[in-house]
Amino acid sequence: MKTTSVDVLIVGAGPVGLFLATALSRDGLQVLLVDKMHERTFFTKALGITARTLELFDDFGIVQDAIDAGTWLYGVTTFNDGAPGPSMDIPDILPFGSLSLAQYEAERILEACLHRHGGTVDYGWTLTSFDETADGVHAELSGPDGATRSVESRFIVGCDGGRSAVRSGLELSLEGGQFPQTFVLADLEIDWNLPRGRFYRFNLSAGGERPATTLVAVPVAGSVRRYRLSTVLPDALLHTGEGERPTPPSFDEICAFMTPLLPEGTRLDTMHWSSVYRVNHLIVSSYAKGRGFLAGDAAHMHPPVGGQGLNTGLQDAYNLAWKLALAQRGRASAGLLESYSSERRAVGLDLVENTSRALNETLAQRSPLPGMRETQLLVTYRGSSIVRDERGDPSQEGIAAGDRVPDAGGLRRTYVGLPFRLHERLGRGRHVLFCYAADEAVLEALVEIGCLAKKALGEAVSCFAIVPKDCALADREDMPLLHDADGEFAATFGAASGMTWLIRPDGYIGWFGPTPSPEGLEAALGLIAEPTAA
C-alpha cells in the first residue's frame, strides 16, 4: 500500500477545494487534493460570481480569465403576470460587477491556476476513513481498480459537499431543515425578444387550481440564447419511485409547464441539461474540530437566492488558507486556527438565515431587488478575537479593524509610468503593513515596526508608505513610497499622517493604529503569531 505524506489533505475538488489547494500551494505547502469523481462534469450548477470573489480571483491573476469566460449581469427585471414590474440596473461604480460564470468554467480556470502553482488533482480517490494522531491526521483512501492509499498529513479539510465524508468523520452535525418544494433547473436555449445580460424574474399569480409560481432566468455564457431557468416543479412532474431520487422531467414536459410562465412568443430549444433538487437551510455546529476543517457546502447549505453559495465557499477557503500556512510554518498563535470557525460560521449563519428569508419572499412573489449585501463586499470580522483596533470600539463608523480593506487608485511610484491600485500591493499570501506618512518621523517609526512584523511572521510580509500628493518626502531604500497622486487614498480611508494598517492575506484589516506604535502592533501580532516568534 502506498503511503503519502503531505501538509494538508483536501477532500473534494470542486471550486472550493481547488481554490484552497491553489492558495496553499502558492504559500509553499505540500497539498494532496482528491476527488471521488473520475472526471469533471459540465453542468452549469452555480452561476453567480460576486464582486468580492472577483477580488479573490484578481489576487490569483485569474480575474480576466473569469470575465472572458462569463457574461456580465447588467440588471434585474421582474414581470408580474406578463406585465413589466420592478427593475434595477447594476451600477458600474463597484470594483467589479456581477458575473454569470458556469461552475465548470470556474473549475477549469481554478484547476489551471492550481497547475501553475505546482498542484494537481488526484481523481477517482475516495476518503474511506481518517483518525487524528499525536501530530497530524492518518487517512485511508480507495481509488481506481481497487487501489488503496494511506495519507499522513498535518491537517485535513473537507470541501466535499453536502454529503461530506470529512464532516461525518469529525462527527459534526448540520443544523437546520429543508424546504418542502422540489425545484427544477433547465439549461437551454431561448428564443425571445428580451435584452441579453439581465437576470429575469417572472411571477404568475394563482388562478383556478394553479398555484402562484415564480420562474427565474439567468444568462449563461457561450451562446446569446443560452439561459438557465429555475422554478418549483409541479407535483404532477415529480417522477420518482419508492426510495428513489427524483428524475428530471423531459424536455417536452419542461416546455409544457415553463413556456406559459414566459413572455408570449417565447420558444425553448436545445436543452443542455436539467436537474431536480431540494433546498436545504443547514449549517454545521462548528467549522473545525481538532486538525479537521470544513469549507463550502460541507459546512453550510442554503437557498441559491443571490447566487452566493459558491462564493461563500471560496471565501471560507481564503480565510482558512493563510491560517493553515502560518500554522504549518510553526508561527501561528494558539487561537489562530480556532478563529476560522468563529469568523466564517458567523458569516455562514447570516447567509443561511437571509437566503432562507429571501426564498420565502420569492415564493410569495415579494422578493426584493438585490443590493450591496449580494456583492459580499460588506462582510466584516469586526469583533473577531484576532483583529485589533487601537480605538477600541468595534462598532465605530468608518473603516475599522476587521473590515475588508477598500481599494484606492491613482497611486504613483517614482519612475513607474502608470498608476496602480492599492489592491495590487495586497494579497499573494502575505501580510501587508502600510501607513499614511507626511513626515520623516512617521517613516522612521514604520521602518521600526516593519522589523517587528517580519520577525513575527517571516518573509511573507510587505511594507510600504503612502504619502500625500503634495508631500516632498524623498524616496528611500528601506521603505517604498507610494504617492497618493489623486488624493483618492486619503479620501477613501479618511487618512491622517501616522495612521497605520496591517492587512491580512485575505484582504481584511487585522490591525489599525492612529500611529505606527510598536506596542500596538506587538499586541496585534500576538493574536495571530506565537509570542516567541515576535
Side-chain angles (χ1 to χ4, degrees), residues 1-2 4 6 8-25 30-47 49 57 60 62 65-66 68-70 100-130 139-151 153 156-168 185-188 220-223 226 228 245-248 270-277 295-298 301 304 309-310 313-314 317:
M1 178 186 295
K2 181 180 178 181
T4 303
V6 294
V8 183
L9 170 62
I10 302 174
V11 182
V16 178
L18 288 167
F19 187 71
L20 178 60
T22 302
L24 294 174
S25 297
Q30 295 297 311
V31 177
L32 176 61
L33 174 60
V34 299
D35 197 289
K36 62 184 179 182
M37 295 189 305
H38 290 270
E39 59 183 12
R40 293 215 168 273
T41 61
F42 292 92
F43 301 145
T44 50
K45 296 182 181 177
L47 272 180
I49 301 294
F57 285 180
F60 283 79
I62 58 174
D65 295 329
D68 290 346
S100 174
L101 179 71
Q103 181 172 324
Y104 63 81
E105 290 283 22
E107 291 173 347
R108 175 185 62 81
I109 292 166
L110 287 167
E111 188 165 359
C113 187
L114 173 62
H115 291 167
R116 289 194 293 272
H117 288 284
T120 60
V121 182
D122 282 19
Y123 289 106
W125 288 90
T126 299
L127 176 71
T128 55
S129 66
F130 69 94
E140 297 292 333
L141 308 178
S142 61
D145 301 321
T148 58
R149 187 176 186 181
S150 293
V151 179
S153 64
I156 184 170
V157 185
C159 304
D160 47 345
R163 296 179 175 83
S164 171
V166 176
R167 186 182 65 236
S168 177
L185 291 178
D187 180 338
L188 38 69
V220 180
S223 163
R226 188 174 178 182
R228 195 189 69 183
R245 297 182 64 185
T247 57
T270 315
M271 188 164 71
H272 300 282
W273 71 280
S274 66
S275 69
V276 293
Y277 64 101
D297 287 352
M301 288 180 282
L310 179 152
L314 292 175

Starting from the C-alpha separation in whole Å, work towards a yes-or-no answer on side chain to side chain contact (heavy atoms under 4.5 Å, CB included) for Ser142 and Thr126. CA-CA 5 Å; Ser142 61; Thr126 299; 3.8 Å; yes
Using modelled atom types only, decide if a donor and an acceptor are shared between the side chain of Asp297 and the backbone of Gly161 within a distance under 3.5 Å. no
Least distance between heavy atoms, Asp35 atom then Ala13 atom: OD2-N, 2.6 Å
Arg108: partners by salt bridge (charged side-chain N to carboxylate O under 4.0 Å, His left out), with sequence neighbours left out: Glu105
Can you name the nearest heavy-atom pair linking Met271 to Leu188, along with the distance? CA-CB, 3.7 Å
Residue pair Leu127 / Ala165: nearest heavy atoms and the distance that separates them: CD2-CB, 4.2 Å
Start with the C-alpha distance between Val11 and Trp125, add both sets of side-chain angles, then the distance that settles side chain to side chain contact (heavy atoms under 4.5 Å, CB included), and finish with yes or no. CA-CA 9 Å; Val11 182; Trp125 288 90; over 6 Å; no
With the side chain counted from C-beta on, respond yes when Leu47 and Leu101 share a heavy-atom pair under 4.5 Å apart, and no when they do not. no
Between CG on residue Leu114 and CD1 on residue Ile109, distance to nearest 0.5 Å: 14.0 Å
Value rounded to 0.5 Å, distance of CD1 in Ile10 from CZ in Phe19: 11.5 Å
Heavy-atom closest pair (Ala298 atom, Asp160 atom, distance to 0.1 Å) is CB-OD1, 3.9 Å
For Pro15 versus Gln103, what's the shortest heavy-atom pair and its separation? CD-NE2, 3.6 Å
Looking only at the side chains, is there a donor atom on one of Glu140 and Thr148 sitting less than 3.5 Å from an acceptor on the other? no
Quick check for you: to the nearest 0.5 Å, what is the distance between Phe57 atom CZ and Leu314 atom CG? 5.5 Å
Do Asp145 side-chain atoms and Ala147 backbone N/O form a donor-acceptor pair below 3.5 Å? no
Quick one: side chain to side chain contact (heavy atoms under 4.5 Å, CB included) partners of Ala295, sequence neighbours excluded? Val16, Cys159, Asp316, Tyr340
The criterion is salt bridge (charged side-chain N to carboxylate O under 4.0 Å, His left out); which residues satisfy it with Asp122, sequence neighbours excluded? Arg149
So Val34 and Tyr123, side chain to side chain contact (heavy atoms under 4.5 Å, CB included) or not? Walk me through it. CA-CA 6 Å; Val34 299; Tyr123 289 106; over 6 Å; no
Does some side-chain heavy atom of Gln30 sit less than 4.5 Å from a side-chain heavy atom of Thr4? no
Quick one: pull up CD1 in Ile49 and CG in Leu310 and give me the separation to the nearest 0.5 Å. 5.0 Å
Atom CD1 in Ile156, atom CG in Leu32: separation rounded to 0.5 Å? 10.0 Å
Straight-line distance of Phe60 CZ to Leu110 CG, nearest 0.5 Å: 9.0 Å
Please name the pair of heavy atoms, one in Arg167 and one in Gly162, separated by the smallest distance, quoted to 0.1 Å. NH2-O, 2.5 Å
List the steps and the verdict of side chain to side chain contact (heavy atoms under 4.5 Å, CB included) for Leu20 and Val157. CA-CA 9 Å; Leu20 178 60; Val157 185; 3.6 Å; yes
Using a 3.5 Å distance criterion without hydrogens, assess whether the side chain of Thr22 forms a donor-acceptor pair with backbone atoms of Leu18. yes
